[in-house]
> 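Here's a structure for you.
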Amino acid sequence: MLSVLLTLTVLSHVSAKQDCIPDEWEDWTSCSQKCGASGTRQRNRKIKILPTADGVQCSTLDFLEIEGCNRECYNGGTLLPTECLCQKGYTGTCCELDIDECGNANGGCQQRCVNELGSYRCECFDGFVENEMNVCKDINECDDNNGGCEMLCMNYYGSYSCGCVPPKILEMDKKTCATENHCLTHPEALNCTHGCAIHNNQFICECPEGYTLDETNFQCVDVDQCQADPMFCAGGTCMSSPGKAICECGIGRGLDADGIKCIDVDECKAGISQCSHTCVNRNAGHVCLCPAGMIIGSDHKTCEDENECMRDPPPCSHTCVDLVGSFACQCPELMELEHDNRTCCEIGKCIRPLSAEGKTTSSEKWIISISVVAVVAVLVIVVLVWRMLKRHISTSEKVRVFKRHISTSEKVLRAIKHGDNNPPDVYYNQNADAMELETRGMGVAATVSRAEQYQTFHRKNVKSYGAGEEMETSKSL
């Protein structure tokens, strides 16, 4: 009986759930983290109440589904349950940041430290070479073809220079010696507007960077670099000024390593985003994101706690308590929370709608399985009892009929034996080798397997049948 009641309860539970069906899932929210071990995203859906509910209480608040997302580590990092284990040379929540080893005591280098992604290297300045002890040693350039100098070569710590024996003067290549200083002796050298240099034992006029000589080779004129090089400042705005050009790339963009074209700047990797939680790089900019339960502040950088209780509609059916990064629903006395932890219902009267996946939960499946087994067991027991009762009733009826037949047979045989003038007919069945007695007026037949002991039967009342219904002959007993 207990299993039957349990089954009825489960069946009514399943039937009630048909009155409350889930609506379509809404779109997933953006992931709370771009990488790492804690990224989550969520989506909601509501519960539809069908007309067949007929007043049955169903939850109409959102279902919430949360799953992990973007759970990965960059630059070969290993994803652990709660964090990323970064390779040497990287750091950050997702191992996305390169460690600038050169920023700490110059990386231990003697002269120049060159930072690389995940690593670094030491170099020597020009004029030095690294020896077998990883120490930068000065190069004496004058030992190699006099440093390329025509006359004098003078070595310095890390450098050298060429010189000339007076009255000769060093030309503009800083290696060749001219016979005289033509910038001072030649009268036309005075026409140079910016500068003069000696080249191939002659003077030439010089111009600073951003200028070039005009057709007279004396006057320096400004070079419009924006017009002279169309590839310069590609993707940005080129502004020419005297002697130089300025490239404005705009917010979120900057010049490449060659200083020629504008490219996107990853503010997140460069560490200049100032996001308090998650930074997502975008073309020509970035955005700061916040985890669930928090919202971006007015500065668009700092995440602040969101008071979910102030949402419209409110998330709780009764009392809502705001928590840091979350909220909690509470119920008044004699009420309890539904499975969605938002709706209050009377204790013991909460009706569970379909699970978040539109299927029965594991506990529901367990209850249904136990109930089905119990019902099957009850049915088997009922069938066995019914068969036993049927067999008992059949046996009793056969005994009762047999006793009645014996009684009737005895009366018939007694009547024949005493010479009753109107005895019942006695039929001899040739096929069964038995005597069959039929009592007139009663319609009851009895079979006697051995009739030899009743030799006083009246021959006239003995009929033969079985060979044909129309043939009637006397047969001696």
Side-chain angles (χ1 to χ4, degrees), residues 17 20-49 58-74 77 79-84 92-94 96 268 273 275-282 286-331 336-345 350-364:
K17 291 200 297 184
C20 310
I21 62 176
D23 202 348
E24 295 293 332
W25 282 108
E26 297 177 357
D27 293 335
W28 286 102
T29 61
S30 58
C31 193
S32 62
Q33 304 289 337
K34 65 177 181 179
C35 52
S38 60
T40 59
R41 63 176 186 172
Q42 63 186 38
R43 62 177 182 175
N44 298 313
R45 68 175 175 181
K46 295 182 178 296
I47 295 298
K48 290 183 178 179
I49 303 178
C58 301
S59 174
T60 58
L61 295 179
D62 297 342
F63 268 124
L64 178 64
E65 186 176 63
I66 301 176
E67 69 174 14
C69 58
N70 292 349
R71 298 196 174 182
E72 60 178 340
C73 303
Y74 296 156
L79 182 62
L80 300 179
T82 58
E83 62 180 351
C84 285
T93 304
C94 317
E96 76 280 11
C268 301
S273 66
C275 294
S276 64
H277 285 72
T278 302
C279 175
V280 178
N281 186 61
R282 301 283 174 84
H286 70 281
V287 293
C288 298
L289 300 179
C290 299
M294 304 189 75
I295 56 176
I296 197 73
S298 57
D299 61 356
H300 303 289
K301 299 177 182 179
T302 308
C303 292
E304 302 172 353
D305 177 53
E306 177 191 9
N307 189 350
E308 295 88 351
C309 298
M310 301 301 294
R311 291 178 180 175
D312 186 20
C316 301
S317 63
H318 287 73
T319 303
C320 178
V321 179
D322 183 50
L323 303 174
V324 177
S326 182
F327 68 96
C329 297
Q330 296 180 351
C331 297
E336 62 181 355
L337 283 173
E338 276 267 18
H339 73 290
D340 60 2
N341 293 323
R342 299 186 180 189
T343 311
C344 294
C345 59
C350 294
I351 299 177
R352 291 174 57 86
L354 291 176
S355 64
E357 295 298 328
K359 302 177 181 178
T360 54
T361 62
S362 58
S363 60
E364 292 172 346

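In this chain, residues are counted from 1 in sequence order.
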> Which residues satisfy the side chain to side chain donor-acceptor pair (under 3.5 Å) test with Asn281, sequence neighbours excluded?
Asp264

> If you round to the nearest 0.5 Å, how far is SG of Cys73 from CG of Leu80?
7.0 Å

> Who are the side-chain contact (heavy atoms from CB on, under 4.5 Å) partners of Cys35, not counting sequence neighbours?
Glu72, Tyr74, Cys94

> Going by the rule salt bridge (charged side-chain N to carboxylate O under 4.0 Å, His left out), which residues pair with Arg311 if we only count those two or more places apart in sequence or in a different chain?
Glu306

> Side-chain donor-acceptor pairs under 3.5 Å in residues 291-302, sequence neighbours left out?
| from | atom 1 | to | atom 2 | distance (Å) |
| --- | --- | --- | --- | --- |
| Asp299 | OD1 | Lys301 | N | 3.0 |
| Asp299 | OD1 | Thr302 | N | 3.0 |
| Asp299 | OD2 | Thr302 | OG1 | 2.8 |
| Lys301 | NZ | Gln274 | OE1 | 2.7 |

> Testing the basics here: between Leu337 and Cys329, what is the closest heavy-atom pair and its distance to 0.1 Å?
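For Leu337 versus Cys329, the nearest heavy atoms are CD1-O, 3.4 Å.
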
> For Gln42, give me all partners under side chain to side chain donor-acceptor pair (under 3.5 Å), at least two apart in sequence or on another chain.
none

> Show the numbers, then the answer: is there a side chain to side chain contact (heavy atoms under 4.5 Å, CB included) between Thr40 and Cys31?
CA-CA 5 Å; Thr40 59; Cys31 193; over 6 Å; no

> Once rounded to the nearest 0.5 Å, what's the spacing between atom CD1 of Ile66 and atom CZ of Arg43?
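The CD1 atom of Ile66 sits 12.0 Å away from the CZ atom of Arg43.
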
> Who are the salt bridge (charged side-chain N to carboxylate O under 4.0 Å, His left out) partners of Glu308, not counting sequence neighbours?
none

> Just wondering, do Cys316 and Phe327 contact through their side chains at under 4.5 Å, heavy atoms?
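They are in side-chain contact.
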
> Using modelled atom types only, decide if a donor and an acceptor are shared between the side chain of Arg71 and the backbone of Gly39 within a distance under 3.5 Å.
yes

> Looking at every non-hydrogen atom in both residues, tell me the closest pair between Cys303 and Leu289 and how far apart they are.
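Heavy atoms only, the tightest pair is SG-O, 3.6 Å.
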
> Please walk me through it: do Glu67 and Arg41 pass side chain to side chain contact (heavy atoms under 4.5 Å, CB included)?
CA-CA 6 Å; Glu67 69 174 14; Arg41 63 176 186 172; 2.6 Å; yes

> Can we say the SG-SG distance for Cys268 and Cys275 is below 2.5 Å?
no

> I need the minimum non-hydrogen distance between Cys309 and Pro314, along with the two atoms involved.
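Result for this residue pair: O-CB, 4.5 Å.
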
> Check the pair Thr93, Thr278 against side chain to side chain contact (heavy atoms under 4.5 Å, CB included), reporting the backbone distance first and the verdict last.
CA-CA 10 Å; Thr93 304; Thr278 302; over 6 Å; no

> Looking at every heavy atom in both Ser317 and Cys344, which two are closest together, and how far apart are they?
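Reported closest heavy-atom pair: OG-N, 2.9 Å.
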
> For a quick test of reading the model, state the closest non-hydrogen atom pair linking Cys84 to Gly36 and the distance between them.
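Closest approach of Cys84 to Gly36, heavy atoms only: SG-CA, 3.8 Å.
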
